[in-house]
Structure formats: C-alpha cells, structure tokens
Amino acid sequence: WQRVIVEENPAFARFMGVRITPGSRDRIEAELTVGEELANRNGVMHGGAIMAFADILGGAASVLNLPDGARTTTIESKTNFVSGAAAGTTITATATPVHRGRRTQVWQTRIESAEKKLIALVTQTQMVL
C-alpha cells in the first residue's frame with residue numbers, strides 16, 4: 001500500500017500538487033507548494049484547499065491501516081484555521097492516529113509552514129467499508 005500511496009496519488013491529489021513522503025501506519029507526511037490556483041483573492045491558500053490537503057492525507061493514512069479488501073471514506077471533518085499560507089510557500093502536513101477501530105478511524109492532521117508555524121489542525125473520521 002505504501003508504494004501505491006506515494007507513487008500513485010489520486011488525480012485530485014496530483015492536481016493539487018500533494019507530495020506524500022514515505023511514512024508508516026502511525027504517521028504519514030506530505031508537502032505542497034501553494035500555487036495561485038489554490039489561493040483566495042487575498043493571496044493565501046483557500047480554506048477549502050487546506051481542508052482538501054488534510055483529507056487527502058487522512059485518507060491515505062487510513063488506507064495504510066485497512067484490512068485486506070477494505071476501503072475507506074471520510075464521514076466527518078473538523079478544521080481549526082490558525083494562520084494563512086501565502087501563495088508560493090511550501091507547507092507540510094502530518095497525520096497521526098487518534099483512533100483505529102474496526103469500523104472507524106480518526107486522524108489528526110497538523111498543517112504547518114516551513115517555519116513550523118501552525119496553519120490548521122484537522123480532525124477527521126474515516127469509515128471502514
């Protein structure tokens with residue numbers, strides 16, 4: 001699964017420019033350079049793009065923890081926006097597990113600037129299908 005997640009990102013993740021780095025079942029990381037296509041009219045990353053970045057990472061983390069033959073989908077997501085990410089900057093995201101059960105998984109994704117300044121904290125629940 002790890003090779004598939006890192007080398008064969010879904011089309012939307014590729015469109016956004018998400019670069020997932022090799023991780024483990026307990027921690028997965030990615031980076032993204034904020035392009036103008038992801039920015040709002042103020043020149044900072046759009047809140048929806050921030051949420052999508054976290055959702056991509058939480059979903060990938062869930063896939064690493066699924067039993068054979070299972071799939072996953074996001075059923076809940078909560079985002080705390082703390083600061084902005086200017087167009088042209090590179091940001092990182094780190095997803096770690098809060099809960100990994102048989103029917104649901106909960107992941108917390110921390111999105112930070114290159115200077116380690118918190119941009120957003122996202123908690124999402126993934127249903128195991």
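- Taking every heavy atom of both residues into account, A30 and L57 meet most closely at CB-CD1, 3.7 Å.
- Tracing side-chain contacts under 4.5 Å through hydrophobic residues (I, L, V, M, F, W, Y), one reaches V18 starting from L64; they form part of the same cluster.
- The side-chain hydrogen bond (donor to acceptor under 3.5 Å, both in side chains) test applied to T96 returns no partner, not counting sequence neighbours.
- Side-chain N or O atoms of R100 include none that pairs as donor or acceptor with a backbone N or O of L66 at under 3.5 Å.
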Checklist entry - Can you check side chain to side chain contact (heavy atoms under 4.5 Å, CB included) on T92 and E29, steps first, answer last? => result CA-CA 7 Å; T92 60; E29 297 178 2; over 6 Å; no
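- For S113, the side-chain hydrogen bond (donor to acceptor under 3.5 Å, both in side chains) criterion is met by E115, not counting sequence neighbours.
- Nearest heavy-atom pair, I91 versus A85, reported as atom, atom and distance to 0.1 Å: CG2-CB, 3.7 Å.
- Remark: E37 engages no residue in a salt bridge (Lys or Arg N to Asp or Glu O under 4.0 Å) (not counting sequence neighbours).
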Name every donor-acceptor pair, under 3.5 Å, that has one atom in a side chain of residues 44-51 and the other anywhere in the protein, sequence neighbours excluded.
residue, atom, partner, partner atom, Å
H46, ND1, G48, N, 2.8

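- The hydrophobic clustering, which links ILVMFWY residues whose side-chain heavy atoms are closer than 4.5 Å, places F53 and I28 together.
- Between R110 and E112, at least one side-chain N (NZ, or NE/NH1/NH2) sits under 4.0 Å from a carboxylate O, which counts as a salt bridge.
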Next on the checklist: Walk me through whether M16 and L32 qualify under side chain to side chain contact (heavy atoms under 4.5 Å, CB included).
Outcome noted: CA-CA 8 Å; M16 285 188 65; L32 175 140; 4.0 Å; yes
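- Scanning all heavy atoms of the two residues, the minimum distance from I111 to A93 falls at CG1-CB, 3.9 Å.
- Side chain of S62 to backbone of G58: a donor-acceptor contact under 3.5 angstrom is found.
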Kindly list each side-chain donor-acceptor pair under 3.5 angstrom involving residues 116-129, sequence neighbours excluded, with atom names and distances?
residue, atom, partner, partner atom, Å
Q124, NE2, D55, OD1, 3.4
Q124, NE2, Q126, OE1, 2.6
Q126, OE1, T74, OG1, 2.5
Q126, NE2, T72, OG1, 2.9

Item to check | Candidate pair V34 and T90, rule side chain to side chain contact (heavy atoms under 4.5 Å, CB included), full reasoning | outcome: CA-CA 6 Å; V34 181; T90 298; over 6 Å; no
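- Cluster partners of V98, by chain and number: V106. The rule joins Ile, Leu, Val, Met, Phe, Trp and Tyr whenever side-chain heavy atoms lie under 4.5 Å apart.
- Closest non-hydrogen pair, A60 versus I20, comes out as CB-CD1, 4.1 Å.
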